[in-house]
Structures are given as structure tokens and as C-alpha cells.
Amino acid sequence: MAQPRLTDFFARRRPGLRAAPPRVKPAWRTPSPAKPAPGAPARTPGGSRKRARPPAEPTRDHPALPARRRLRLPADTVSDPADPADPTAPAVPADPADPTAPAAPTVCAAPADLAAPTVPAAPGSPEQAPPSAGLQPCLAAQEKASKVTFSELKSCLQRARELGARAQELRASAQRKDAGELSVPEDQGPPAGPRGQKAPAYQRFHALAQPGPPSLVLPYKYQVLAEMFRSMDTIVGMLYNRSETVTFAKVKQGVQDMMRKRFEERNVGQIRTVYPTSYRFRQERNVPTFKDGVKRSDYQLTIEPLLDEEAGSTAPQLTASCLLQRRQVFRQNLVERVREHHRAFLASLNPPMVVPEDQLTRWHPRFNVDEVPDIEPAELPQPPTTEKPATAREVLARARSFMSPRMEKALSDLALRTAQPSSPGSPSPALPATPPAALRGVSQDLLERIRCKEKQKQLAQMTRRPEQEKRLQRLERLPELARVLRGVFVSARKPALTMEVACSRMLGSYPAAMSPGEMEKHVRLLSELLPDWLSLHHIRTDTYVKLDKAADLAGVITRLACLARAEAAL
């Protein structure tokens with residue numbers, strides 16, 4: 001007796017379930033015109049060679065199982081490529097290897113359709129809704145989403161175009177603003193850099209970043225030129241002392257290796273402008289070269305140093321002392337050029353100022369040293385010109401025979417029109433000085449007194465010696481040092497202290513770093529200015545400092561500040 005299966009029990013217990021006839025898989029359509037033999041078994045779509053299992057015959061003891069729960073595609077959503085209008089035609093699956101096969105349709109089903117099993121309706125039950133009814137909202141939602149996405153992309157593209165147009169307008173306006181920018185005032189000088197470009201900050205403010213006390217500082221471009229002259233003189237001296245012909249090509253390579261900067265003929269012309277008696281320049285041929293690009297018959301620029309021939313010496317040498325002397329002469333010439341621009345600046349002030357050259361120790365505070373114009377390069381000897389036309393005038397003179405009279409007249413009219421505007425270097429008429437809006441209504445006498453006082457202050461600042469500058473710096477530190485010194489005496493509870501002990505304790509309390517010798521100079525200056533408050537006593541080998549603790553510290557600080565201001569105004 002066969003043992004019944006567990007699933008048979010549930011099949012018998014469920015009422016209303018009947019054995020459904022087994023579903024036979026339909027034969028898939030293939031594009032091949034060949035048809036299988038009638039007796040041959042049909043193959044599966046995957047191309048498997050296994051034999052198809054014969055359908056089981058339902059028996060009375062073992063009824064057929066209920067249909068499996070699976071998702072059934074509605075017939076109206078699957079279209080046959082052979083007949084797209086026929087909804088009953090079975091769909092042909094797309095072969096992934098065939099590139100011409102149509103893509104599979106996208107199916108979106110509602111959650112209820114996915115969860116509900118496909119069970120045949122019992123007889124007498126109400127008719128069920130078609131499965132394509134739940135698919136229409138999904139298709140409508142997809143169509144709406146696609147429309148929304150397209151509109152969003154279109155709006156983003158329009159916005160990007162607007163932003164691009166706006167950026168171009170801003171860039172064009174910035175360029176127009178830079179081109180139409182007003183020229184700098186007369187005391188600032190013309191803009192630095194070639195072709196009016198703005199020089200970098202380390203060049204425009206080079207004079208302000210120099211260490212040490214203020215002095216006659218050279219502009220950055222002048223210092224670079226001085227360094228180029230030093231390097232060039234060194235290379236020329238080595239080659240000249242070896243009795244070797246000095247050419248510009250050799251000097252250029254050596255200077256660029258030393259300075260890591262470009263060295264061109266323009267820089268040589270500037271050096272000749274500043275120091276015209278330093279070298280002799282010539283164009284020579286048949287100079288031995290060891291380069292493939294330079295022929296022996298080509299003209300080359302040769303450089304020869306001009307030296308003072310001493311009596312009894314046949315071949316003067318460019319020694320180290322001579323190099324140092326030439327370098328100092330070159331620097332003095334550069335300083336003299338800056339002095340000329342400084343004198344022109346002082347003459348343009350209101351009221352004008354005149355400073356003796358032997359007393360000038362620094363530039364005017366408002367004189368922008370780094371904005372001094374470049375040095376115009378001098379002309380260097382050029383190789384002999386050939387018959388080739390070098391200028392437009394020569395080309396025009398040669399082409400006159402080939403031009404018609406009308407074209408020649410048009411060119412002459414154009415030359416006249418371009419020559420009519422005045423040159424930029426022509427002096428412009430002086431405009432009447434108008435006071436600014438902030439000074440309207442102020443008395444002219446008061447303005448004149450203020451300007452005269454400011455002029456005296458600036459004149460004293462420009463003619464101040466380094467020793468006077470150091471004394472003024474010490475005077476500015478004295479009020480704070482007086483407060484620190486009184487605190488040292490109060491904490492020590494002694495009427496007098498040695499100079500060494502007082503200076504060491506003041507160094508520990510003063511915020512700025514200072515040496516003991518510098519602090520002692522401040523204490524001596526303090527006793528010199530206020531002998532009634534601080535006195536020095538020399539006993540044997542030591543110097544003692546005695547302080548009047550009963551004196552008013554605020555009055556002492558006020559007196560020191562007044563003395564500092566009075567000496568700064570001198």
C-alpha cells in the first residue's frame with residue numbers, strides 16, 4: 001500500500017479546489033523557417049537537450065495540485081514584433097546575443113497584483129477585474145515623471161546659459177574697468193611692469209620690506225639690474241683675464257646660470273645707460289664659436305671692459321679691487337637717478353620742498369620708490385644691414401611703383417590722420433587747483449600753517465642722521481622703561497641698586513628683547529633727562545642707580561613724552 005503524501009491531506013481538506021489540468025508550454029516562435037519534425041520533441045527556449053517530462057495523469061487517489069502563485073503578464077502589455085496590434089499573440093523573448101532584437105517592455109505592477117495569486121475563478125463567482133487595470137496608474141506616473149524630469153533639465157540648461165552669459169558680462173566689465181582705470185597721481189609715479197601691467201607685491205613694496213634703519217633704498221628693479229651688472233662684470237673679468245674674446249652669448253649663459261633670471265640685450269643696454277664708460281661694444285665676425293647654431297661668419301656682439309691703464313703695465317687686469325670699485329660706481333649712478341626723480345617729486349608738492357643733497361638720508365614718506373620708471377636701454381651696435389627692407393616705410397617706397405594713385409593717396413591720408421593726435425609725452429596744460437570737498441570752508445591761512453608744519457617735519461625726517469634715529473627710538477621707549485624701573489625698586493625695597501642688577505631685572509620685565517648693554521644706555525639717557533628723579537653714583541668699580549620713589553610717576557611719564565615729541569619735531 002502506497003503511503004499517502006502530506007500534501008494530499010491539505011488538498012482533500014481545502015474545499016472548492018479542483019484539480020486543474022496541467023499547463024502545456026507553448027512552442028516558442030523562432031525566426032528560422034525550418035520546422036521541426038512532427039515526431040521530434042520540442043526543445044526548451046534555453047536550448048537544453050533534456051527530454052521533456054510527460055504530464056502526470058491526475059488520479060482519483062492523487063488529485064492535481066493547485067496552480068503555483070506566479071506573476072502573469074497581461075496580454076495587452078506584451079506585443080508581438082510580428083503583429084503589434086494583436087494582443088493575443090504570444091511575446092517572443094529577446095535574444096541577448098541578437099543586437100537587432102527589440103528591448104523587453106518595462107512592466108510595473110501594483111503591490112496588490114504582485115501579492116495576489118493567480119487562481120482560476122470558481123463557477124458562479126463574480127467576474128474579476130482585468131490585470132491591466134492596475135497597470136494604468138503606474139504608466140501614467142512614469143509618463144508624468146518623465147515629463148517632470150524633462151522640464152527640470154530644460155530649466156537647468158536655461159539657468160546655466162544665463163549664468164554663463166552673466167559671467168561673460170562681468171569679465172568684460174572688469175576688463176573695461178582695468179583699461180579705463182584712472183592714472184595714478186603724480187606722487188605715485190607711472191605703473192611698474194612692461195606694457196602697464198601691475199607688478200607683483202614683492203616688487204611694488206620692496207622698499208618697505210628692507211631691514212635695518214631707513215636709508216636711500218633702491219627700487220627692486222634697480223637692485224636686480226645692479227646684481228646683473230655684478231654678475232656680468234664677474235664673467236667678463238674671467239674671460240678678459242684669460243685673453244679670450246668676450247661675446248654676448250657667453251656672458252648671457254653665465255649670468256643666467258648665476259642669477260636664475262633672464263638676461264637679454266635690453267639689460268645690457270640699461271647697463272650702458274647707467275654706466276656708459278664701463279664697456280666697449282662692437283659687432284665682429286670670424287669669432288671662434290663652438291656652437292652648431294652660430295656660424296663663424298656671423299656677426300656677434302663683443303664686449304671689452306674699459307680699464308685705466310697704469311704706467312708701466314702692458315696688459316691691465318680686471319682685479320677684485322677693480323670689480324668692487326666698478327660695482328660701487330654703478331650703484332652710485334643708480335642712486336643719482338633715483339635722486340632726480342625724488343627732486344622732481346619734492347618740487348611737485350604743495351608747498352614745494354628743497355633738501356640739500358649732502359643732508360638727505362632717506363626718501364620722502366610719500367615718495368613711492370618702487371614706482372620709479374624703468375631705465376631706458378641705450379642702443380647697442382647692430383650688424384650691418386643688408387638689402388632686405390627692414391621698415392614699413394622702405395616696403396612702401398618699393399611698392400609705390402606697383403600701387404595705383406588712389407591707393408597711394410589713401411595710405412598718405414591714413415598716415416596724416418594717425419600723426420595728428422599729440423604724443424603722450426607732451427606737457428598737458430596745468431589745471432587750477434581746487435580744494436577737496438572735505439576742506440571747503442576751512443581758512444586758507446590755517447591750511448598754509450599746517451602744510452608748512454608738515455613740511456618742516458618731513459624735512460627733518462629726511463635729513464635725520466642714524467645716530468639721531470637711534471636716540472629717538474630710545475626716547476620713545478623711556479616712558480615704559482620708567483614704569484618698569486620704578487616697579488623694580490619698589491619690589492627690591494632698597495634705596496639703590498647696582499647697574500647690573502637693575503638692568504637684568506628690567507630685561508625680565510620689559511616685553512621687547514634687548515641686550516644688557518642697550519638697556520644700560522636707556523638707563524643713562526633716563527638719568528640724563530631726569531636727574532632729579534634718577535641719579536647715578538660711581539663707587540669704586542660699580543655704578544649704583546638711585547631712584548626717588550616719592551615722585552609722581554604720571555608726571556614723570558608726561559615729561560618724558562613731551563621731551564620725545566619736542567626732539568622728534570627738530
Side-chain angles (χ1 to χ4, degrees), residues 181-193 196 198-199 203-210 213-223 273-274 331-376 422-469 471-472 564-570:
E181 194 174 19
L182 295 178
S183 58
V184 293
E186 186 179 357
D187 56 346
Q188 297 294 332
K198 192 174 183 180
Q203 296 182 12
R204 288 185 284 116
F205 306 106
H206 173 263
L208 302 178
Q210 295 303 309
S215 59
L216 299 179
V217 183
L218 288 175
Y220 176 79
K221 46 196 172 186
Y222 284 18
Q223 289 195 5
T273 301
V274 177
R331 183 177 177 83
Q332 290 297 329
N333 293 347
L334 288 176
V335 172
E336 187 59 32
R337 284 186 168 270
V338 182
R339 284 177 185 267
E340 294 177 2
H341 294 284
H342 186 254
R343 284 195 293 267
F345 171 79
L346 295 180
S348 65
L349 294 177
N350 185 17
M353 298 175 61
V354 178
V355 182
E357 295 296 334
D358 55 343
Q359 299 181 7
L360 185 66
T361 58
R362 73 190 67 190
W363 309 119
H364 192 275
R366 287 189 294 169
F367 177 65
N368 199 339
V369 185
D370 294 301
E371 298 296 336
V372 173
D374 291 342
I375 298 174
E376 292 296 332
S422 58
S423 61
S426 59
S428 57
L431 298 177
T434 57
L439 299 179
R440 290 176 182 174
V442 182
S443 175
Q444 292 295 328
D445 297 339
L446 178 61
L447 291 177
E448 291 297 332
R449 287 197 300 270
I450 293 175
R451 290 185 182 127
C452 184
K453 195 172 183 180
E454 184 180 2
K455 175 184 173 181
Q456 293 177 359
K457 182 179 179 181
Q458 292 173 353
L459 184 61
Q461 186 178 2
M462 286 188 293
T463 57
R464 192 176 296 153
R465 297 296 176 184
E467 298 80 9
Q468 297 176 354
E469 185 69 25
R471 180 179 174 84
L472 284 178
R565 286 196 299 269
E567 191 152 349
L570 294 179

Colleague: Output, in order, the C-alpha distance, side-chain angles, deciding distance and verdict of side-chain contact (heavy atoms from CB on, under 4.5 Å) for His341 and Val369.
Modeller: CA-CA 9 Å; His341 294 284; Val369 185; over 6 Å; no
Colleague: Taking Arg464 for the side chain and Thr361 for the main chain, is one N or O donor matched with an acceptor at less than 3.5 Å?
Modeller: no
Colleague: Any idea how His342 and Phe367 line up, ring-wise: parallel (<30°), tilted (30 to 60°), or perpendicular (>60°)?
Modeller: perpendicular
Colleague: Is a side-chain N or O of Thr463 found less than 3.5 angstrom from the main chain of Gln359, in a donor-acceptor match?
Modeller: no
Colleague: Around Glu357, counting heavy atoms of other residues, nucleotides and ligands shown, do more than 12 lie under 6.0 Å from its CD?
Modeller: yes
Colleague: Check whether any side-chain heavy atom of Leu472 lies under 4.5 Å from a side-chain heavy atom of Glu567, and answer yes or no.
Modeller: yes
Colleague: Taking the side chain as everything from C-beta on, heavy atoms only, tell me whether Ile375 gets closer than 4.5 Å to Tyr222.
Modeller: yes
Colleague: With heavy-atom distances below 4.5 Å as the criterion, would you say the side chains of Val274 and Leu334 are in contact?
Modeller: yes
Colleague: Answer yes or no: is there a side-chain heavy-atom contact under 4.5 Å between Leu218 and Val335?
Modeller: yes
Colleague: Regarding Glu371 and Arg366, does a basic nitrogen lie under 4.0 Å from an acidic carboxylate oxygen?
Modeller: no
Colleague: Would you say the side chain of Arg451 lies within less than 4.5 Å of the side chain of Leu349, judging by non-hydrogen atoms?
Modeller: no
Colleague: Could you tell me whether the side chain of Lys221 and the main chain of Val372 form a donor-acceptor pair under 3.5 Å?
Modeller: yes
